[in-house]
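In what follows, a structure is listed as structure tokens, so that the remarks can point back to it.
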Amino acid sequence: MWRVSFLRYPRPVMRILVLGGDGYLGWPTAMRFSARGHEVSIVDNFSRRRWHTQHSTDSLTPIRSLADRIEAWKEVSGKEIHAYVGSIEDFPFLDRVIAETLPEAIIHYGEQPSAPYSMKSREAAVETQYTNVIGTLNLLFAIRDRVPDCHLVKLGTMGEYGTPDIDIEEGFIEIHHKGRKDTLPFPKVPGSLYHLSKVHDSHNIHFACRIWGLRSTDLNQGVVYGIETEESAQDERLLTRFDYDEYFGTVLNRFCVQAVIGHPLTVYGEGGQTRGFLNIRDTLQCVELAVNNPAELGEYRVFNQFTEQFSVAELAEVVRKAAAETGREVEVRNYPNPRIEAEQHYYNAAHSKLLDLGLQPHYLSEELVRSVLGIIDRYRDRVIERAILPRTRWKPGELVAEVEKAETA
Ligand code: NAD
Ligand code: USQ
């Protein structure tokens, strides 16, 4: 049942809380809303920085501390961003932040985002599901009790659906069964314990909307690529992080780094794995569209957030060609697939709801890849090459030897 809201949107100045605001997507998002004149606060526990320290890896881009970034943003834009350092699974901390900031919209990026990391050990799987599921559950209680009108914009993932042999809908599907029909959540068959944590989140958020009358938009986002956004391009100190390692680098970003340093592009298995992709600039656009056009009270809605779909092999070919145009000869190599996933499959996912709200996609092109290669080239001396090959296998067993064999073939 939906309740009447007295808030009218879009509001010229909103109190916005960005959870995970020190991350790849969270920091540019915080700047974007701040640039638009909103009152922005950030929560982050720096776990992403810590996970890198634990693995002796790092962001390709030399990112500043959160305090330095916020200071640089103030210098560049004249605007303040407030930071709270802590974990959302720490309820007293989170509750205090919500009580102090009284957000009208919360953008929730604050989770462990890596599938390989979640599959590396029991401890990492438990950490992933605890931080993601319990953190989000805490958030739902804090919203219910402190700011029940607040719009929760939650980053879910396209991987929640898996790769079914039917078209993927935006969150819900009409099912006809034994002469009756109903519209129900789309079946979810995810491929990692990380992706599964997002499914658990989705169920909990849907429940909170149905039972407590909260409002939420679950953005089932595809794989993001790219470095710069309008705001971060203004000053090097505002750069967001950019990862290329086995755990935290996503496929296209990894391929671009590999192309710059002359490493073979690491296509896992046959490379027919098809996913939805989007430019980081479009992540910001989509989140902004969701915030400016909120769900009704009691409504749980799902938008599939990507602009194009590609197979891994197609992406490798785009990067190979773009690199060749800049004088780099790059080899595309098939490595043993560390994951358990379909390497050839049907994939057709609906993604019209954000377009209907006005999304203007930045599509992938060789020109765009060339510009990413150019930015990566500035930081090529920072690449830690040993972090590139996959070492985490979905099923226990020896992978390293197989991968190394492929590497020296
Ligand atoms: P990221 O790791 O760069 O950002 C997440 C941030 O949240 C980090 O700064 C981390 O320190 C913080 N964080 C993690 N757990 C926290 C906790 N319990 N309390 C407080 N802070 C916490 O990841 P990202 O790539 O920016 O992804 C952001 C969100 O978007 C994630 O939820 C991810 O699952 C989702 N997503 C990302 C992609 C992608 O391709 N990058 C695609 C689809 C969905
Ligand atoms: N892959 C390769 N070579 C590589 C890296 C990946 O072939 O070097 C393949 C993988 O096997 C997979 C595909 O590329 O089939 C995508 O892998 P990925 O690591 O880029 O993406 P994924 O593990 O799905 O996770 C990323 C983000 C996650 C987000 C998800 C969106 O890390 O936070 O939720 O993309 S989606 O894939 O739509 O679920």
Side-chain angles (χ1 to χ4, degrees), residues 18-29 42-52 59 66 84-90 93-94 107-119 127-128 130-132 134-136 138-139 154-163 190-192 194-195 197-198 201 219-226 240-244 246-255 258 265-278 280 283 287 304-306 309-313 315-316 334-335 337-343 349 388-390 394:
V18 181
L19 307 179
D22 187 48
Y24 172 55
L25 304 176
W27 171 242
T29 300
I42 280 177
V43 168
D44 207 292
N45 65 358
F46 303 139
S47 54
R48 179 60 170 268
R49 293 180 188 245
R50 196 177 64 241
W51 287 317
H52 269 296
S59 162
L66 182 58
Y84 293 84
V85 177
S87 294
I88 62 169
E89 60 267 33
D90 172 357
F93 162 77
L94 178 67
I107 302 159
H108 180 13
Y109 292 111
E111 299 200 334
Q112 192 298 101
S114 159
Y117 183 89
S118 75
M119 298 299 290
E127 183 188 10
T128 301
Y130 187 83
T131 200
N132 294 3
I134 303 304
T136 300
N138 279 342
L139 178 64
K154 162 70 170 42
L155 271 291
T157 178
M158 284 302 292
E160 290 181 41
Y161 303 115
T163 53
S192 78
Y194 151 72
H195 287 97
S197 74
K198 296 284 196 184
D201 282 346
L219 296 172
N220 279 351
Q221 184 169 239
V223 188
V224 184
Y225 61 86
T240 195
R241 61 173 321 110
F242 186 87
D243 295 303
Y244 58 86
E246 162 192 14
Y247 292 126
F248 295 108
T250 49
V251 61
L252 183 51
N253 288 350
R254 273 166 63 74
F255 285 174
Q258 293 163 3
L265 305 191
T266 55
V267 171
Y268 296 165
E270 294 174 41
Q273 303 93 307
T274 301
R275 302 285 184 269
F277 288 83
L278 73 163
I280 188 170
T283 294
V287 168
N304 290 348
Q305 179 167 313
F306 68 96
Q309 54 182 62
F310 296 101
S311 72
V312 167
L315 285 181
N334 294 83
Y335 285 79
N337 195 339
R339 307 186 183 197
I340 308 292
E341 60 184 356
E343 293 175 6
I388 287 179
L389 287 183
W394 260 226

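Atoms within a ligand are numbered from 1 in the order they appear, just like the ligands themselves. Treat the numbers as computed from the prediction; the structure is a model and nothing was measured.
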Inset, instruction - Would you check the N or O atoms of Lys198, main chain and side chain alike, for any that come under 3.5 Å of an N or O of ligand 1? - result: yes

Legend entry - Pair Arg275 + Glu341: basic N to acidic O under 4.0 Å: yes

Legend entry - Nitrogen or oxygen atoms of Pro116 and ligand 2 under 3.5 Å apart: no

Inset, instruction - Go through ligand 1 atom by atom and flag the ones less than 4.0 Å from a non-hydrogen atom of Gly86. - result: 19 (N), 20 (C)

Inset, instruction - Go through ligand 2 atom by atom and flag the ones less than 4.0 Å from a non-hydrogen atom of Ala115. - result: 23 (O)

Inset, instruction - Compare Tyr109, Trp51, Tyr117, Phe248 and give the one whose heavy atom is closest to atom 29 (C) of ligand 1. - result: Tyr109

Legend entry - Atom indices of ligand 1 within 4.0 angstrom of Tyr194 heavy atoms, with elements: 33 (C), 34 (O)

Legend entry - Nitrogen or oxygen atoms of Leu25 and ligand 1 under 3.5 Å apart: yes

Inset, instruction - Heavy-atom contacts with Phe46 under 4.0 Å: which atoms of ligand 1 show up? List them by number with element. - result: 11 (O)

Inset, instruction - Would you tell me which option among Met158, Gln221, Arg49 has the nearest heavy-atom contact to atom 36 (N) of ligand 1? - result: Gln221

Legend entry - For atom 21 (O) of ligand 2, the option (of Leu25, Val267, Val223) bearing the nearest heavy atom: Val223

Inset, instruction - Among all protein heavy atoms, pick the one closest to atom 25 (O) of ligand 1 and tell me residue, atom and distance. - result: Tyr24 CD2, 3.6 Å

Inset, instruction - Report yes if Asn337 has an N/O atom closer than 3.5 Å to an N/O atom of ligand 2; otherwise report no. - result: no

Inset, instruction - Just jot down the ligand 2 atoms closer than 4.0 angstrom to any heavy atom of Gly159, in number order. - result: 36 (S), 38 (O), 39 (O)

Legend entry - Protein residue, atom and distance nearest to atom 42 (C) of ligand 1, heavy-atom basis: Gly222 O, 3.0 Å

Inset, instruction - Return the option from Val287, Asp44, Asn220, Thr240 holding the heavy atom at the smallest distance from atom 10 (C) of ligand 1. - result: Asp44

Inset, instruction - Using a strict 4.0 Å cut-off to heavy atoms of Arg275, name the atoms of ligand 2 that fall inside it. - result: 15 (O), 37 (O)

Inset, instruction - List every atom of ligand 2 that sits less than 4.0 Å from any heavy atom of Tyr194, numbering the atoms from 1 in the order shown and giving each element. - result: 28 (C), 29 (C), 33 (O), 34 (O)

Legend entry - Subset of ligand 2 atoms that lie under 4.0 Å from at least one heavy atom of Thr157: 29 (C), 30 (C), 31 (C), 34 (O), 36 (S), 38 (O), 39 (O)

Legend entry - Contact atoms of ligand 2, heavy-atom distance to Thr250 under 4.0 Å: 20 (O), 26 (C), 27 (C), 32 (O)

Inset, instruction - State whether the shortest distance between N or O atoms of Val251 and N or O atoms of ligand 2 falls below 3.5 angstrom. - result: yes

Inset, instruction - Please indicate whether any nitrogen or oxygen in Arg254 is less than 3.5 Å from any nitrogen or oxygen in ligand 2. - result: yes

Legend entry - Nearest protein heavy atom with distance in Å, relative to atom 1 (P) of ligand 1: Arg48 NH1, 2.9 Å

Inset, instruction - Please round to the nearest 0.5 Å and tell me the distance separating atom CG of Asn138 and atom CG of Asp90. - result: 8.0 Å

Legend entry - ligand 1 atoms in contact with Glu89 (distance to a heavy atom under 4.0 Å): 17 (C), 18 (N)

Inset, instruction - Tell me which protein heavy atom sits closest to atom 4 (O) of ligand 1, plus the residue, atom name and distance to 0.1 Å. - result: Gly23 CA, 3.4 Å

Inset, instruction - May I ask you to list the atoms of ligand 1 that are less than 4.0 angstrom from any heavy atom of Thr250? - result: 40 (O)

Inset, instruction - May I ask you to check whether Trp51 and Tyr247 place their ring centers less than 6.0 Å from one another? - result: no

Inset, instruction - Distance to 0.1 Å, residue and atom name: give those for the protein heavy atom nearest to atom 14 (C) of ligand 1. - result: Ser47 OG, 3.2 Å

Legend entry - For atom 33 (C) of ligand 1, the option (of Pro28, Gly21, Gly26, Pro113) bearing the nearest heavy atom: Pro113

Inset, instruction - Would you mind listing which atoms of ligand 2 come within a distance below 4.0 Å of any non-hydrogen atom of Gln221? - result: 31 (C), 38 (O)

Legend entry - Arg49 and Asp22 ion-paired at < 4.0 Å: yes

Legend entry - Salt-bridge criterion met for Glu111 and Lys198 (N-O under 4.0 Å): yes

